[in-house]
Amino acid sequence: TMKHKFIAKRYWKDQSTAMGQSDVLAKSFDDVINLSLGDPDLITHERIIDKAFADAKAGHTKYTEFRGDPELRQEISKFYKEEYNMDVADEEIFVCTSACEGMYLVMESILDDGDEVIVQAPYFTPYPQQIELARGIPVELPTYEEEDFQIDVDRLESLITERTKALLINSPSNPTGNCLSVETMQKIAAIAEKYDLIVVADDIYTAFSYQSPFVPFASLPGMKERTIILNSFSKNFTMTGWRVGNIIAPDYIIRIVQQVNENVVFTAPSISQRAGIYALRYRKEIQPPMIEEYRKRMFYAAERINAIPKLSVLYPPKGSFYLFVNIKGTGLNSVDAADMILRKAHVLTLPGNAFGACGEGYIRIACTCNVETLKEAFDRIERALQ
């Protein structure tokens, strides 16, 4: 804890996350294989870098329009039409400094003090605090491996109160790597309609949907007007350090998002926005080899895990580049299992309970290094568990 008169009391209780601490742990041995964070070993495609660099040289180093570079907004709209046959108007698009910042902007724009947001769990670690930053109350909606990590709509309905304003979904999911089926999404849509909820769809790993093509929740009948989409270039184009994403929502929400953002970062980085234009424009050339590489790693890792006694993972992998590994067979809890694997195998993973209470009994592995390195990691884990 950090109690000091110059620190806001709401931060006196230690709120650092397993993700934040992983940096420190990674340095504990000099041969650590780090499978803890979703920051890929691949770098941004050369074509994107070269084009963005040329644009910077040509003078794209100023503030852009408040809602983002008009050319990028145009590419985003075109992308939705070409990929999903969705009509997205220019007024419905806002370019933000990453989807993480986007999530904060969205919560700040839609929540009154004490409003509840139901969060699909296991969840991306920052969600609850992003909701609390906007004075909302996160409500965990557990999903379970034995139910294929699908949202159970009766369980969802049982959590709705008169204070519920929104439901936050993430598919393909970080940390489970699972995808919501269209059937599940249709049931969620019916609930959203019945209780007049906004659905916030964190569409971050859409390129990595291995079993069936990604379907945006907003493309379901009647859902576009009650969905806020969060997008990012970070994972779909390996552009984590560029910090650029976008929000798609009804225009009246986008107007508020813009107002809030003017007090946060004003505009997203101009050069990163230029990079985003080329990422979308050349996606057919840039994405397939990258997706194939992740698919290869995911299938390799899943096969290896299922061959190690006491460990298992849902097979075949459905999406993202994360595997949520069941460690219940070891008799250890998540924190102790992750700790033992670090100490004995020098492999850094994240404990499942960092992603919500229902993540207990699991560890998360990010397939962000090549098959050779993954092989070494699993060889070590196998020996450590013997």
Side-chain angles (χ1 to χ4, degrees), residues 17 19-20 22-23 34-49 51-52 64 68-69 72-73 75-76 79-80 83 93-106 123-127 130 168-177 179 200-209 214 216 228-248 261 264-265 267-283 286-291 293-295 297-298 319-322 350 355 364-369:
T17 65
M19 289 166 91
S22 66
D23 257 9
N34 190 346
L35 305 182
S36 71
L37 291 187
D39 199 0
D41 55 330
L42 310 174
I43 72 159
T44 306
H45 194 285
E46 212 172 334
R47 194 159 179 196
I48 297 174
I49 298 173
K51 292 292 245 179
T64 64
D69 187 315
L72 176 54
R73 300 196 315 254
E75 287 295 334
I76 291 164
F79 169 83
Y80 270 86
E83 295 291 324
I93 300 170
F94 182 88
V95 180
C96 45
T97 314
S98 81
C100 257
E101 191 237 2
M103 183 64 80
Y104 165 69
L105 294 175
V106 163
Y123 49 69
F124 177 52
T125 312
Y127 290 161
Q130 289 173 323
L168 172 46
I169 61 174
N170 174 217
S171 174
S173 152
N174 171 11
T176 66
C179 301
V200 180
D202 194 3
D203 292 354
I204 298 297
Y205 296 93
T206 57
F208 308 101
S209 185
F214 173 75
I228 298 172
I229 297 175
L230 286 153
N231 273 321
S232 169
F233 290 87
S234 288
K235 315 293 167 144
N236 279 349
F237 295 98
T238 54
M239 286 171 60
T240 51
W242 298 80
R243 308 319 289 140
V244 65
N246 64 271
I247 300 167
I248 294 173
N261 192 60
V264 181
V265 294
T267 70
S270 57
I271 298 156
S272 300
Q273 294 192 54
R274 299 305 296 174
I277 293 169
Y278 303 113
L280 289 173
R281 202 168 278 169
Y282 305 131
R283 67 183 182 278
I286 289 165
Q287 281 182 322
M290 176 185 76
I291 295 165
E293 173 62 23
Y294 279 120
R295 178 199 294 269
R297 293 174 182 189
M298 287 282 283
S320 84
F321 39 68
Y322 304 105
L350 287 181
F355 308 97
R364 190 193 77 173
I365 282 175
C367 294
T368 43
C369 44

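Since this is a predicted model, take the numbers as computed values, not measurements.
- Using a 4.5 Å heavy-atom cutoff, the side chains of Ile169 and Val200 are not in contact.
- By the 4.5 Å heavy-atom criterion applied to side chains, Met103 and Leu168 are counted as neighbours.
- A donor-acceptor distance shorter than 3.5 angstrom exists from the side chain of Asn170 to the backbone of Asp202, with no hydrogens or angles considered.
- A pairwise comparison of heavy atoms in Arg364 and Ser36 identifies NH2-O, 2.6 Å as the closest pair.
- More than 12 heavy atoms of other residues, nucleotides or ligands lie within 6.0 Å of CG in Leu42, so this atom counts as buried by the packing criterion.
- Taking each heavy atom of Cys179 and Ser171 in turn, the nearest pair found is CA-OG, 3.3 Å.
- Residues satisfying the side-chain contact (heavy atoms from CB on, under 4.5 Å) test with Ala268, not counting sequence neighbours, are Val95, Thr97, Gln273.
- Counting all heavy atoms, side chain and backbone alike, Leu105 lies closest to Cys96 at CD1-CB, 4.2 Å.
- With values rounded to the nearest 0.5 angstrom, Met290 atom CE is found 10.0 Å from His45 atom NE2.
- One N or O on the side chain of Arg73 and one on the backbone of Gly68 form a donor-acceptor pair closer than 3.5 Å.
- For the residue pair Tyr322 and Gly38, the shortest heavy atom distance occurs at OH-CA, 3.3 Å.
- Contact record, Cys367 with Arg297: O-NH1, 3.3 Å, taken as the closest heavy-atom pair.
- Interatomic distance, CD of Glu75 versus CG of Asn246, reported as 12.0 Å (0.5 Å rounding).
- Using a 3.5 Å distance cut-off with no hydrogens or angles, the side chains of Asn174 and Ser320 do not pair a donor with an acceptor.
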Could you walk me through whether Phe355 and Leu350 satisfy the side-chain contact (heavy atoms from CB on, under 4.5 Å) test, starting with their C-alpha distance in whole Å, then the side-chain angles of each, then the deciding distance to 0.1 Å, before giving a yes or no?
CA-CA 9 Å; Phe355 308 97; Leu350 287 181; 3.8 Å; yes

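- Closest approach of Gln130 to Tyr104, counting heavy atoms only: O-CD1, 4.4 Å.
- Judged purely by distance below 3.5 Å, without hydrogens or angles, the side chains of Arg283 and Asn236 never pair a donor atom with an acceptor atom.
- Contact of the Tyr294 side chain with the Pro40 side chain is registered, since non-hydrogen atoms from C-beta on lie closer than 4.5 Å.
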side-chain contact (heavy atoms from CB on, under 4.5 Å) for Ser270 and Asp69? Distances and angles first, verdict last.
CA-CA 7 Å; Ser270 57; Asp69 187 315; over 6 Å; no

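- Side-chain contact between Asn261 and Phe94 is present, with heavy atoms from C-beta onward closer than 4.5 Å.
- A heavy-atom distance below 4.5 Å is not found between the side chains of Trp242 and Pro269.
- For the atom pair CG of Asp41 and CD of Glu293, the computed distance is 7.5 Å after rounding to the nearest 0.5 Å.
- With respect to Ser234, the side chain to side chain contact (heavy atoms under 4.5 Å, CB included) criterion is satisfied by exactly one of Asp39, Ile204, Thr240: Thr240.
- Here the side chains of Tyr80 and Asn231 are in contact, with some heavy-atom distance below 4.5 Å.
- Checking side-chain atoms of Lys235 against main-chain N and O of Phe208 turns up no donor-acceptor pair under 3.5 Å.
- Counting heavy atoms from C-beta on, the side chains of Leu72 and Leu280 come closer than 4.5 Å.
- Considering only residues two or more places apart in sequence or on other chains, Tyr278 meets the ring-ring contact (aromatic ring centres under 6.0 Å, His included) condition with none of them.
- Judged by distance alone, the side chain of Thr44 and the main-chain N or O of Thr238 form a donor-acceptor pair under 3.5 Å.
- In this structure the side chain of Cys100 reaches within 4.5 angstrom of the side chain of Phe124, judged on heavy atoms.
- When ring centroids are compared, Phe321 and Tyr205 come within the 6.0 Å threshold.
- With values rounded to the nearest 0.5 angstrom, Asp203 atom CG is found 8.0 Å from Leu230 atom CG.
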